[in-house]
Student: 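Starting off with a structure, shown below.
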Amino acid sequence: METISHAIDVADELDDSHLYILHVNVLHKGEDIDRTELRRTVEERIETPPYASCHVRDAYLLEKAILKEAAEQDADYVVIGQSMRARWRQLLTDHLGVGVDLEVFLEQQLNAELVVS
């Protein structure tokens, strides 16, 4: 929830902002969270602003799902947590033998500013 709180702070600094909270069910990990669960969890832990909406997507590659959603939403900012960055580096190294840094990958591919909280 720290990352969402940071994203709220970023959105509060902008005029006419919309906060698009995205959870990606990584299919090969067996994740299965739905939109209702995501919304309930977020609202139980932090005060969700009226300009926020929750969305869930299923994907095999987290970074591709983030890029797709950012492009479709014409995002100005993408906020990810430091723990996500570390998990992805480990996952890619373990499963693909690739030492890809999620932050570097997203910075190179996004047409938005990346914020790591």
Side-chain angles (χ1 to χ4, degrees):
M1 291 300 143
E2 184 176 315
T3 302
I4 295 174
S5 294
H6 190 147
I8 291 170
D9 292 342
V10 170
D12 282 344
E13 294 177 10
L14 304 171
D15 293 331
D16 195 30
S17 61
H18 178 80
L19 181 62
Y20 188 95
I21 300 169
L22 174 66
H23 174 81
V24 179
N25 287 323
V26 182
L27 296 173
H28 60 274
K29 291 182 81 175
E31 294 182 7
D32 191 24
I33 295 172
D34 66 25
R35 185 179 176 279
T36 303
E37 289 174 281
L38 176 61
R39 183 92 174 148
R40 182 177 46 246
T41 301
V42 169
E43 288 176 347
E44 285 174 357
R45 296 186 183 175
I46 61 173
E47 186 175 335
T48 309
Y51 56 81
S53 61
C54 293
H55 305 269
V56 175
R57 301 293 181 256
D58 296 330
Y60 285 101
L61 296 173
L62 177 63
E63 67 274 20
K64 296 290 187 182
I66 293 171
L67 289 173
K68 181 179 177 187
E69 289 297 321
E72 287 178 3
Q73 298 304 316
D74 195 24
D76 292 318
Y77 293 87
V78 173
V79 180
I80 63 171
Q82 288 181 342
S83 61
M84 178 191 290
R85 179 178 54 182
R87 278 195 307 263
W88 263 98
R89 186 177 304 131
Q90 188 63 47
L91 178 70
L92 291 171
T93 299
D94 290 350
H95 293 287
L96 302 177
V98 178
V100 174
D101 185 324
L102 178 63
E103 182 179 355
V104 171
F105 178 84
L106 289 175
E107 283 179 339
Q108 292 172 348
Q109 301 295 319
L110 279 171
N111 203 12
E113 184 173 334
L114 180 67
V115 178
V116 180
S117 64

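Every value quoted in this text rests on a predicted model; they were computed, and no experiment measured them. Scope of the values below: all heavy atoms of this structure, side chains included, with no hydrogens, waters or symmetry mates.
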Student: With a cut-off of 6.0 Å (strictly less than), are more than 12 heavy atoms of other residues, nucleotides or ligands near CZ of R45?
Tutor: no
Student: Atom CD of E63 and atom NZ of K68: how far apart are they, to the nearest 0.5 Å?
Tutor: 14.0 Å
Student: With rounding to the nearest 0.5 Å, note down the distance linking CG in L22 to CD1 in I4.
Tutor: 10.5 Å
Student: Let me confirm one number: the CG-CD distance from D74 to E69, rounded to the nearest 0.5 Å.
Tutor: 13.0 Å
Student: Which heavy atom in H18 sits nearest to a heavy atom in S53, and how many Å separate them?
Tutor: NE2-OG, 2.8 Å
Student: Taking CD in E47 as the centre, count heavy atoms belonging to other residues, nucleotides or ligands within less than 6.0 Å. Is the count above 12?
Tutor: no
Student: To the nearest 0.5 Å, what is the distance between CG on L62 and CG on L27?
Tutor: 11.5 Å
Student: Do D34 and V56 have side chains that approach each other closer than 4.5 Å (heavy atoms only, starting at C-beta)?
Tutor: no
Student: For the residue pair E37 and I33, what are the closest heavy atoms and their distance?
Tutor: OE1-CA, 3.6 Å
Student: Please find the pair of heavy atoms, one from L19 and one from I8, that lie closest to each other, and give the distance.
Tutor: CD2-CG1, 3.5 Å
Student: Might you point out which heavy atoms bring T48 and A52 nearest each other, and give the distance in Å?
Tutor: CG2-CB, 3.6 Å
Student: Distance from I21 atom CD1 to L38 atom CG, nearest 0.5 Å?
Tutor: 6.5 Å
Student: Give a yes or no on this: more than 12 heavy atoms of other residues, nucleotides or ligands lie within 6.0 Å of atom CD of E2.
Tutor: no
Student: To the nearest 0.5 angstrom, please state how far the CG atom of L67 sits from the CG atom of N111.
Tutor: 10.5 Å
Student: What's the shortest heavy-atom distance between S17 and Y51, and which atoms?
Tutor: O-CB, 3.5 Å
